2 protein chains.
Amino acid sequence: MAQITPQNGPADGAETDCRALGRVLERIGNKWTVMVVGVLSQGPMRFNAIMRTVDGVSHRMLTLTLRGLERDGLVTRTVYPTVPPKVEYALTETGQSLIVPLSALARWAEQNRPRITAAQAQYDAAQER
Amino acid sequence: MAQITPQNGPADGAETDCRALGRVLERIGNKWTVMVVGVLSQGPMRFNAIMRTVDGVSHRMLTLTLRGLERDGLVTRTVYPTVPPKVEYALTETGQSLIVPLSALARWAEQNRPRITAAQAQYDAAQER
DNA sequence: CAGGATCCAATAAGATACTG
DNA sequence: CAGTATCTTATTGGATCCTG
């Protein structure tokens, strides 16, 4: 059977895998990070351009999301000292490498969406009896 | 450049990918889901066994996590009408297929953890000046 | 234009006690 | 054993106003 991490005993070193995965999910598991990474995968973009593209993200949350990504070294923030200021965000090498497993997950999501939606409907129908 | 979804314009049909990915992340992006899926990837397991294995999860959160997974059709819940009751949880086919992209993400996490940790340390050091 | 600061609502999560 | 119910706290997200 496929496993997230190959292990047999309950207490061997495989926990580290889940921990690392957990850390990553703490970053990308929020509401906006993957959307932002997604639009930045098309190339560098300015703050307000990202905000217009993502649709629904608030000023504040975009700031926080970009700060988090910058802190993790997934995004660079370049300030052009013009007036008015121009700030450009771009994915780093590490950030771009994240797109590979992320797009695999996106494909899974798209392929299994019908199944999941159906399962939810069936579950909910069985509940209200 | 690698992209989450192949697109060029800002408003084409590629949004559906991000939406689907977003929905999946709403499920697996919480604190416990991937841990539970991870331990169930080793085979069916009973409630208290999962709770002992995952370490740190509360009674309540494990219940909610399993309910959510069951609702999405990723986990089956089998009740053996014995006394005391025995309830076994197992991944469905769909649930097992999720492990493939999830383990890819886990590998990415493990490979890039040093880089990310270093980037965080550097960012934090630059901040406190 | 980009983003900091503040306040408020919604949600997630933890602790604890009770039940078939 | 495997839950449910209730209460409380922590975290997340959104709205708004202010600034270089």
Side-chain angles (χ1 to χ4, degrees), chain A residues 18 22-37 39-40 44-72 75-90 123 126-129, chain B residues 18-19 22-37 39-40 44-72 75-90 123-124 126-129:
Chain A
C18 268
R23 299 263 161 64
V24 172
L25 288 173
E26 282 180 11
R27 166 122 325 285
I28 70 168
N30 62 56
K31 202 169 177 180
W32 302 112
T33 298
V34 291
M35 306 281 263
V36 172
V37 172
V39 307
L40 287 181
M45 207 176 287
R46 297 178 60 177
F47 187 89
N48 278 335
I50 300 174
M51 199 162 145
R52 278 189 300 271
T53 307
V54 167
D55 180 71
V57 68
S58 69
H59 199 152
R60 177 175 179 268
M61 289 317 296
L62 183 54
T63 300
L64 291 180
T65 301
L66 287 168
R67 283 288 167 282
L69 287 169
E70 188 193 356
R71 177 169 184 263
D72 287 353
V75 156
T76 58
R77 177 175 177 270
T78 311
V79 183
Y80 298 94
T82 60
V83 45
K86 172 180 170 181
V87 181
E88 213 169 52
Y89 292 91
Y123 183 93
Q127 262 0 48
E128 64 189 25
R129 269 187 299 106
Chain B
C18 268
R19 305 286 173 164
R23 297 266 162 62
V24 172
L25 287 171
E26 282 180 11
R27 166 121 324 285
I28 71 168
N30 61 58
K31 201 169 176 180
W32 302 112
T33 297
V34 291
M35 306 281 262
V36 171
V37 172
V39 306
L40 286 182
M45 208 176 287
R46 298 177 61 176
F47 186 90
N48 279 333
I50 300 174
M51 197 163 147
R52 278 189 300 271
T53 308
V54 167
D55 181 70
V57 68
S58 69
H59 200 150
R60 180 185 126 94
M61 290 316 297
L62 182 54
T63 299
L64 292 180
T65 301
L66 288 168
R67 283 290 168 279
L69 287 170
E70 187 193 356
R71 177 170 183 264
D72 287 353
V75 156
T76 57
R77 175 174 178 272
T78 310
V79 182
Y80 298 95
T82 59
V83 45
K86 172 180 171 181
V87 181
E88 212 169 55
Y89 292 90
Y123 183 93
D124 294 346
Q127 266 353 55
E128 65 188 26
R129 264 187 303 106

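Sequence lines set the chain letters: A, B, ... in the order given, protein chains first and strands last, and positions in each chain run from 1. No experiment lies behind these values; they were computed from the predicted model shown.
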d([atom1], [X]; [atom2], [N]) in whole Å:
{"X": "A:L64", "N": "D:dT11", "atom1": "CG", "atom2": "P", "answer": "15 Å"}
{"X": "A:R67", "N": "C:dG4", "atom1": "CZ", "atom2": "P", "answer": "5 Å"}
{"X": "A:M51", "N": "C:dC1", "atom1": "CE", "atom2": "C1'", "answer": "12 Å"}
{"X": "A:L66", "N": "C:dC1", "atom1": "CG", "atom2": "C1'", "answer": "14 Å"}
{"X": "A:L25", "N": "D:dT12", "atom1": "CG", "atom2": "P", "answer": "14 Å"}
{"X": "A:E26", "N": "D:dA10", "atom1": "CD", "atom2": "P", "answer": "17 Å"}
{"X": "B:E88", "N": "D:dC1", "atom1": "CD", "atom2": "P", "answer": "15 Å"}
{"X": "A:K31", "N": "C:dT11", "atom1": "NZ", "atom2": "C1'", "answer": "10 Å"}

Under 4.0 Å: is that the gap between some side-chain N or O of [X] and OP1 or OP2 of [N]?
{"X": "A:Y89", "N": "C:dG3", "answer": "yes"}
{"X": "B:R60", "N": "D:dT6", "answer": "no"}
{"X": "B:R46", "N": "D:dA2", "answer": "yes"}
{"X": "A:N48", "N": "C:dA2", "answer": "yes"}
{"X": "B:R77", "N": "D:dA2", "answer": "no"}

Closest heavy-atom pair and its distance - A:V34, A:I28
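That would be CG1-O, 3.8 Å.
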Could you tell me whether the side chain of B:H59 has a donor or acceptor atom within less than 3.5 Å of a complementary atom in the base of D:dG3?
yes
If we ignore hydrogens and angles and just use 3.5 Å, is the side chain of A:N30 paired with the main-chain N or O of A:R27 as donor and acceptor?
yes
May I ask you to decide if B:G29's main-chain N or O and B:T33's side chain share a donor-acceptor pair within less than 3.5 Å?
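Here the side-chain-to-backbone pair does not exist.
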For the side chain of A:M61, starting at C-beta, report the closest nucleotide among D:dG3, C:dG3, D:dG14.
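The nucleotide sitting nearest to the side chain is D:dG14.
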Nearest of C:dG3, C:dA13, D:dG14 to any side-chain atom of A:W32?
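The nucleotide sitting nearest to the side chain is D:dG14.
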Using heavy atoms to find the nearest nucleotide of DNA chain C for B:V57 and A:K86 separately, return the residue whose nucleotide is more 5′.
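Counting from the 5' end, the first nearest nucleotide belongs to A:K86.
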Interatomic spacing from CD in A:E88 to CG in A:L40 - rounded to 0.5 Å
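Between atom CD of A:E88 and atom CG of A:L40 there are 10.0 Å.
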Is a salt bridge present between B:R67 and B:E70, judged by a nitrogen-to-oxygen distance below 4.0 Å?
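Answer for the salt bridge query: yes.
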